[in-house]
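Take a look at the structure below.
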Amino acid sequence: MKKILVSLFILFVFYINANAQLLNRKQTYTKADTLRGMLTPLRTCYDINYYHLDVKIDLENKSVSGSNEFAFTATQDFTKLQFDLFANLKIDKIVYRGVELPYTREFGAVFITFPKMIKKGSKDRFTVWYNGNPPIARNPPWDGGFIFKKDKSGNPFVSVACQGLGASVWWPTKDHQSDEVDSMLISIAVPKDLDEVSNGRLRSIVDKGDGYRQHNWFVANPINNYTVSFYIGKYAHWTDTFNGENGPLSIDFWSLKEDSAIARPHWDADVKPMLAAFEHWFGPYPWYKDGYKLVQAPHLGMEHQSAVAYGNQFKKGYLGRDLSGTGYGLKWDYITVHESGHEWFANNITTKDIADMWVHEGFTSYSEALFTEYTQGKKEGEAYLIGLRRGIGNRGPIIGPYNVNKEGDGDMYPKGANLLHTIRQLINNDEKFRGILRGLNKKFYHTTTTSAEVEAYIAKRSGLKLDKVFDQYLRNAKIPVLEYKVENGIVQYRWITDVKGFDMPVKISLKANSYTLVYPTNEWKISKVDNSVTMDTFKVDPGFYVRIRKVAN
């Protein structure tokens with residue numbers, strides 16, 4: 001009996017250790033996470049059509065005050081709904097048809113009750129008045145909140161970044177990626193001696209008579225609320241035009257006045273080639289109505305829609321470094337290219353849950369390689385992409401847990417890109433692959449979607465069975481391992497994977513200096529090899545992101 005108990009205890013300890021990471025992850029989630037991340041009937045009962053965000057930014061007190069108007073369509077009958085605003089921001093009042101509405105708050109969620117039933121299909125609106133001090137970002141853009149800095153001359157240089165943390169960190173909104181507002185008016189009042197830039201197109205600047213000027217920007221296209229932003233500073237502004245697939249696209253550049261002399265030639269070198277490359281690969285720029293803006297920001301960068309945040313210090317690469325280690329990434333500005341790539345993947349194609357954020361970051365990281373390929377050559381583009389693998393840790397799945405506002409592992413950037421390149425090798429037809437990338441941007445144009453829908457689209461358009469491939473790369477930490485052994489002119493090989501029945505084809509060296517497509521499974525298979533292929537010279541086509549491991553004969 002004692003031996004049995006000891007054995008059971010050992011098995012229990014092994015089970016706990018094996019599942020510790022998963023258990024710990026689950027235990028960290030709270031009701032606040034669920035209120036923030038889950039689509040409940042109190043959120044799905046209304047579809048946001050229009051916002052008018054009308055606020056004043058007090059630089060001295062580092063505060064915000066004003067209102068946001070919600071215009072919506074009821075998707076079902078309801079009397080109660082949820083919107084979101086961080087708990088440290090005070091609600092002054094919520095007004096509906098001239099009457100103040102009662103409300104309750106729980107963490108960052110606000111619940112309002114209407115005096116009568118809102119009928120399905122009806123259009124209605126309410127306005128939230130609020131004020132307070134949003135959190136100050138400690139390490140923007142990774143840590144969200146307001147950003148207060150000074151330029152070299154001591155002038156205010158102020159902005160906000162809130163991806164992941166959520167737009168409700170500074171304004172009341174339906175803070176869930178699944179529901180993008182159809183259009184929006186952004187009215188930001190700042191001290192009159194400063195400039196202010198936001199998303200969309202500038203409609204007017206109004207003197208408020210209190211030392212402030214209100215800048216009114218209109219966004220004509222759907223926009224996700226975490227990309228709604230403002231930039232405050234002493235700016236220089238100049239324009240250009242890109243003749244794109246949908247006609248002339250306006251380009252607006254906004255740099256600090258003191259940096260304009262270096263900014264002009266630096267941005268000119270990359271912006272039009274980048275737009276040309278991405279329209280080639282992904283289809284027309286998604287926001288012709290709102291234009292393309294590149295705005296100097298007091299942080300590294302962010303994909304603020306139609307007003308891309310730039311803070312790469314006018315250096316090539318990533319703050320002067322090449323993330324791939326190949327040298328190809330030092331021929332262009334990483335932030336200009338990467339954050340602009342998000343205009344297609346993240347802003348045009350937006351995932352409903354940030355658990356699927358690999359769709360944003362994986363495709364956009366791959367856009368760096370595609371830009372390199374477009375401007376430098378196919379071999380150079382692949383070399384850059386393969387070089388990014390050195391930053392992959394394979395620590396955890398790159399799809400996160402759903403409904404708790406939690407993204408997957410940071411490997412989603414280079415690992416997602418290398419997954420896409422692996423699929424490109426399986427398709428083995430670059431024009432077909434390009435058609436899939438363009439087709440994705442057409443199929444999910446101005447909409448929100450899921451990883452599952454994106455995966456299904458790629459599989460259908462490619463004609464390949466990719467479900468096990470996606471499961472291994474996205475939903476498990478490890479990448480496939482191809483075990484092999486070579487003896488007497490024969491190579492044996494098999495996949496070692498988390499996913500059972502994994503059968504992804506791969507190209508291997510059956511003779512020197514060439515690759516042949518084979519069809520491994522989790523069981524041993526054999527192929528004949530040339531005498532030049534040995535245990536030490538056996539290779540897998542480097543375009544496939546897999547590991548190889550030799551097994552002793």
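- Proximity of Thr227 to Asn347: side-chain heavy atoms (C-beta onward) are separated by under 4.5 Å at one or more points.
- Of the possible donor and acceptor atoms, one in the side chain of His446 sits under 3.5 Å from a partner among the backbone N and O of Pro286.
- Of the residues listed (Tyr96, Trp171, Phe126), the one engaging Phe70 in a ring-ring contact (aromatic ring centres under 6.0 Å, His included) is Phe126, and it is the only one.
- The minimum heavy-atom distance between Glu343 and Ser306, with the atom names listed, is OE2-N, 2.9 Å.
- The closest donor-acceptor contact from the side chain of Lys257 to the backbone of Lys234 lies at 3.5 Å or more, if one exists at all.
- Counting heavy atoms from C-beta on, the side chains of Thr79 and Ile118 never come closer than 4.5 Å.
- Donor-acceptor pairing under 3.5 Å is lacking for the side chains of Asn68 and His52.
- Gln305 and Asp290 share no side-chain donor-acceptor pair at under 3.5 Å.
- The structure places CG of Leu35 at 5.0 Å from CD of Glu106, a figure rounded to the nearest 0.5 Å.
- Counting only distance, with no hydrogens or angles, the side chain of Asp47 and the backbone of Ala74 share no donor-acceptor pair below 3.5 Å.
- A donor and an acceptor atom, one from each side chain of Thr73 and Asn49, are located under 3.5 Å apart.
- For the atom pair CG (Leu249) and OG1 (Thr241), the distance works out to 8.0 Å, reported to the nearest 0.5 Å.
- If you run ring-ring contact (aromatic ring centres under 6.0 Å, His included) between Phe345 and each of Phe444, Tyr413, Phe282, Trp281, only Phe282 comes through.
- In this model, no donor atom of one side chain and acceptor atom of the other lie less than 3.5 Å apart for Tyr285 and Glu279.
- Gln296 and Trp254 share no side-chain donor-acceptor pair at under 3.5 Å.
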Using the rule given for side chain to side chain contact (heavy atoms under 4.5 Å, CB included), can you reason through Ile223 versus Glu180, listing the C-alpha separation, both sets of side-chain angles and the distance that settles it, and then say yes or no?
CA-CA 6 Å; Ile223 185 169; Glu180 294 185 333; over 6 Å; no
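- Salt-bridge check for Asp84 with Arg43: passed, with a basic side-chain N closer than 4.0 Å to an acidic carboxylate O.
- Once rounded to the nearest 0.5 Å, the distance linking OG1 of Thr449 with CD1 of Ile349 reads 8.0 Å.
- Looking at Glu196 and Trp217, their side chains do bring a donor and an acceptor atom within 3.5 Å of each other.
- Note on Arg36 versus Asp175: salt bridge recorded, some NZ/NE/NH1/NH2 to OD/OE distance being below 4.0 Å.
- In this structure, Lys80 forms a cation-pi arrangement with Phe111, its terminal cationic atom sitting closer than 6.0 Å to the ring centre and no more than 45° off the ring axis.
- Salt-bridge formation is not detected for the pair Asp409/Lys415: no Lys NZ or Arg NE/NH1/NH2 atom is positioned less than 4.0 Å from an Asp or Glu carboxylate oxygen.
- Between the side chains of Tyr402 and Asp356, a donor-acceptor pair is found at a separation under 3.5 Å.
- Going from atom CG of Asn216 over to atom OG of Ser187 covers 3.5 Å, rounded to the nearest 0.5 Å.
- A salt bridge links Glu373 and Arg424; the closest N-O separation between the charged side-chain nitrogens and carboxylate oxygens is under 4.0 Å.
- For Arg264 and Trp238, the positive end sits near the middle of the six-membered ring, less than 6.0 Å away and at most 45° from its axis.
- Using a cutoff of 4.0 Å between basic side-chain nitrogens and carboxylate oxygens, Lys272 and Asp240 are scored as salt-bridged.
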Carefully, step by step, assess Asp33 and Lys406 under the rule side chain to side chain contact (heavy atoms under 4.5 Å, CB included).
CA-CA 8 Å; Asp33 297 320; Lys406 175 69 174 177; over 6 Å; no
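- Cation-pi check for Arg203 over Phe218 is met; the charged atom lies under 6.0 angstrom from the ring centroid and within 45 degrees of its normal.
- Scanning all heavy atoms of the two residues, the minimum distance from Leu385 to Ala417 falls at CD2-CB, 3.7 Å.
- For the residue pair Lys352/Thr450, the side-chain donor-acceptor check at 3.5 Å is not satisfied.
- Aromatic ring centres of Phe371 and Trp332 lie closer together than 6.0 Å.
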Any chance you could lay out the side chain to side chain contact (heavy atoms under 4.5 Å, CB included) test for Glu361 and His338, step after step, and finish with the verdict?
CA-CA 9 Å; Glu361 301 300 350; His338 179 89; 3.4 Å; yes
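- Remark: the backbone N or O of Lys192 is paired with a side-chain donor or acceptor of Arg213 at under 3.5 angstrom.
- To the nearest 0.5 Å, atom OG of residue Ser451 and atom CG of residue Asp353 are 11.0 Å apart.
- Residues His421 and Tyr366 bring their aromatic ring centres within 6.0 Å.
- His304 and Asn199 form no side-chain donor-acceptor contact under 3.5 Å, judged by distance and modelled atom types alone.
- Under 4.0 Å is where a charged nitrogen must lie from a carboxylate oxygen, and between Lys120 and Asp77 no such pair does.
- A side chain to side chain contact (heavy atoms under 4.5 Å, CB included) with Met302 holds for exactly one of Ser229, Ser159, Pro141; it is Pro141.
- Ring centroid separation for the pair Phe314 and Trp267 comes in under the 6.0 Å cut-off.
- Between Phe278 and Trp344, the distance separating the two ring centers is shorter than 6.0 angstrom.
- Residues Ile458 and Ile423 are in side-chain contact: their nearest non-hydrogen atoms beyond the backbone lie under 4.5 Å apart.
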Side chain to side chain contact (heavy atoms under 4.5 Å, CB included) for Leu59 and Val158? Distances and angles first, verdict last.
CA-CA 8 Å; Leu59 304 187; Val158 180; 4.0 Å; yes
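- When only modelled atom types and interatomic distance are considered, Glu368 and Tyr318 share no side-chain donor-acceptor pair under 3.5 Å.
- With Asn348 contributing its side chain and Asn441 its backbone, the two residues share a donor-acceptor pair below 3.5 Å.
- Aromatic pair Tyr51/Phe72: ring centres not closer than 6.0 Å.
- In this structure, Asn405 CG and His176 NE2 are separated by 7.5 Å, a value rounded to the nearest 0.5 Å.
- At least one test fails for Lys174 against the ring of Phe83: distance under 6.0 Å to the centre or angle within 45° of the axis.
- Inter-residue side-chain proximity for Arg105 and Leu85 is flagged as met; some heavy-atom pair is nearer than 4.5 Å.
- Of the possible donor and acceptor atoms, one in the side chain of Asn418 sits under 3.5 Å from a partner among the backbone N and O of Pro414.
- In this structure, the side chains of Ile399 and Trp358 come closer than 4.5 Å at one or more pairs of heavy atoms.
- Gln82 contributes no side-chain N or O that, together with a main-chain N or O of Ala109, makes up a donor-acceptor pair within less than 3.5 Å.
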